[in-house]
Amino acid sequence: MAKDHSNFFNDVYDVARLIPEGRVTSYGAIAAYLGTKGSARMVGWAMNGAGAYPDVPAHRVVNRQGLLTGKAHFNPPSAMQERLEAEGVKVIKDKIQDFEQVYWDPMKELEL
DNA sequence: TGGCTGACTTTCG
DNA sequence: ACGAAAGCCAGCC
């Protein structure tokens, strides 16, 4: 473990671990929470390395539309939807239902 | 140093 | 609702 290649990855993983079960957040939200550390793409890319970190629930991180854009990077890809459904999140056609209800914003929840 | 990449986001047609 | 393009910035040759 870790030798973090960069603090940026560590920050992304840290926020991801804070996501409660049955909740999801967006890449942009994490990027905004981290501030100037990177753009939304960086969060997604950082998640690419999350596969090596078992405590990082990458499946709880989706895009702004609540769409499971990153599911293709899972193994198997269907694991992302199955995990979300197992936590009580409804997913239809790779899209989260009631997204507003399950959305978890680090900017609000953590700074509140 | 410089150029390419990417699990995003927003805007235009 | 969908497709395409631009903006975005850290990491990797």
Side-chain angles (χ1 to χ4, degrees):
Chain A
M1 181 224 58
K3 323 199 100 207
D4 347 304
H5 305 239
S6 276
N7 202 298
F8 178 76
F9 279 64
N10 186 31
D11 287 346
V12 176
Y13 302 147
D14 188 36
V15 176
R17 291 190 186 101
L18 294 174
I19 303 173
E21 293 183 10
R23 297 292 195 120
V24 296
T25 191
S26 66
Y27 303 95
I30 296 174
Y33 181 72
L34 296 179
T36 60
K37 299 212 169 188
S39 59
R41 283 189 172 166
M42 299 301 90
V43 178
W45 193 13
M47 280 298 175
N48 199 335
Y53 297 76
D55 290 332
V56 180
H59 61 276
R60 292 186 190 147
V61 184
V62 296
N63 72 344
R64 212 42 169 156
Q65 305 174 39
L67 201 61
L68 282 56
T69 53
K71 69 170 195 141
H73 296 262
F74 276 74
N75 178 247
S78 59
M80 187 173 191
Q81 179 173 331
E82 290 183 10
R83 272 187 183 262
L84 288 171
E85 291 181 322
E87 294 182 359
V89 179
K90 296 179 182 174
V91 179
I92 299 177
K93 293 190 299 185
D94 298 339
K95 189 176 175 213
I96 295 176
Q97 306 302 301
D98 300 318
F99 182 57
E100 296 181 21
Q101 296 180 34
V102 297
Y103 183 65
W104 181 85
D105 187 345
M107 293 282 278
K108 284 184 173 181
E109 303 297 333
L110 299 181
E111 288 193 30
L112 179 59

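Order of the sequence lines fixes the chain letters, A, B, ..., with proteins taken first and strands second; residue numbering starts at 1 for each chain.
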**OP:** Name the pairing partner of B:dT1, where a pair is Watson-Crick or G-U wobble with both distances under 3.5 Å, or state none.
**Re:** none

Subject >> Side-chain ion pair, A:Arg23 and A:Glu109, N-O less than 4.0 Å >> reply: no

Subject >> Counter-base of C:dC8, judged by Watson-Crick or G-U geometry with both distances under 3.5 Å >> reply: none

**OP:** Tell me what A:Ala58 touches on the nucleic acid: a base, only sugar-phosphate, or nothing, going by heavy atoms under 4.0 Å.
**Re:** base

**OP:** Write down the atom of A:Ala58, the atom of A:Met47, and the distance for their closest heavy-atom approach.
**Re:** CB-SD, 3.9 Å

**OP:** Among the candidates B:dA7, C:dA10, B:dT9, find the nucleotide nearest to the side-chain atoms of A:Arg64.
**Re:** B:dT9

**OP:** Can you figure out which of B:dT9, B:dA7, C:dG11 approaches the side chain of A:Trp45 most closely?
**Re:** C:dG11

Original post:
How long is the line joining OH of A:Tyr27 and P of C:dC9, in whole Å?
Top reply: 20 Å

Original post:
Picking from A:Glu87, A:Gln81, A:Lys71, A:Glu82, what satisfies side-chain hydrogen bond (donor to acceptor under 3.5 Å, both in side chains) with A:His59?
Top reply: A:Glu87

**OP:** Round to the nearest Å and state the distance from A:Tyr103 atom OH to B:dT9 atom P.
**Re:** 9 Å

**OP:** Provide, to the nearest angstrom, the distance between the CZ atom belonging to A:Phe8 and the C1' atom belonging to C:dC9.
**Re:** 8 Å

Original post:
Roughly, in whole Å, what's the span from NZ in A:Lys93 to C1' in C:dC2?
Top reply: 13 Å

Original post:
Please give, in whole Å, the distance from B:dA7 C1' to A:Phe9 CZ?
Top reply: 12 Å

Original post:
Looking across every strand, which nucleic acid part, if any, lies under 4.0 Å from A:Lys37 by heavy atom: base, sugar-phosphate, or nothing?
Top reply: sugar-phosphate

**OP:** For A:Asn63, answer base if it contacts any base atom (sugar-phosphate contacts may also be present), sugar-phosphate if it contacts only those atoms, and nothing otherwise; contact means non-hydrogen atoms under 4.0 Å.
**Re:** sugar-phosphate

Subject >> Residue mapping more 5' on DNA chain B - nearest nucleotide basis, A:Ser26 or A:Ser39 >> reply: A:Ser39

Subject >> Separation of C:dG3 C1' from A:Gln65 CD (nearest whole Å) >> reply: 12 Å

Original post:
Once you round it to whole Å, what is the distance between P of B:dA7 and NE2 of A:His73?
Top reply: 4 Å

Original post:
A:Asn48 CG to C:dA10 P: how many Å, rounded?
Top reply: 18 Å

Original post:
What class does the angle between the rings of A:Tyr13 and A:Phe9 fall in, given that below 30° is parallel, 30 to 60° is tilted and above 60° is perpendicular?
Top reply: perpendicular

Original post:
Would you say A:Arg64 and A:Tyr103 make side-chain contact, with heavy atoms under 4.5 Å?
Top reply: yes

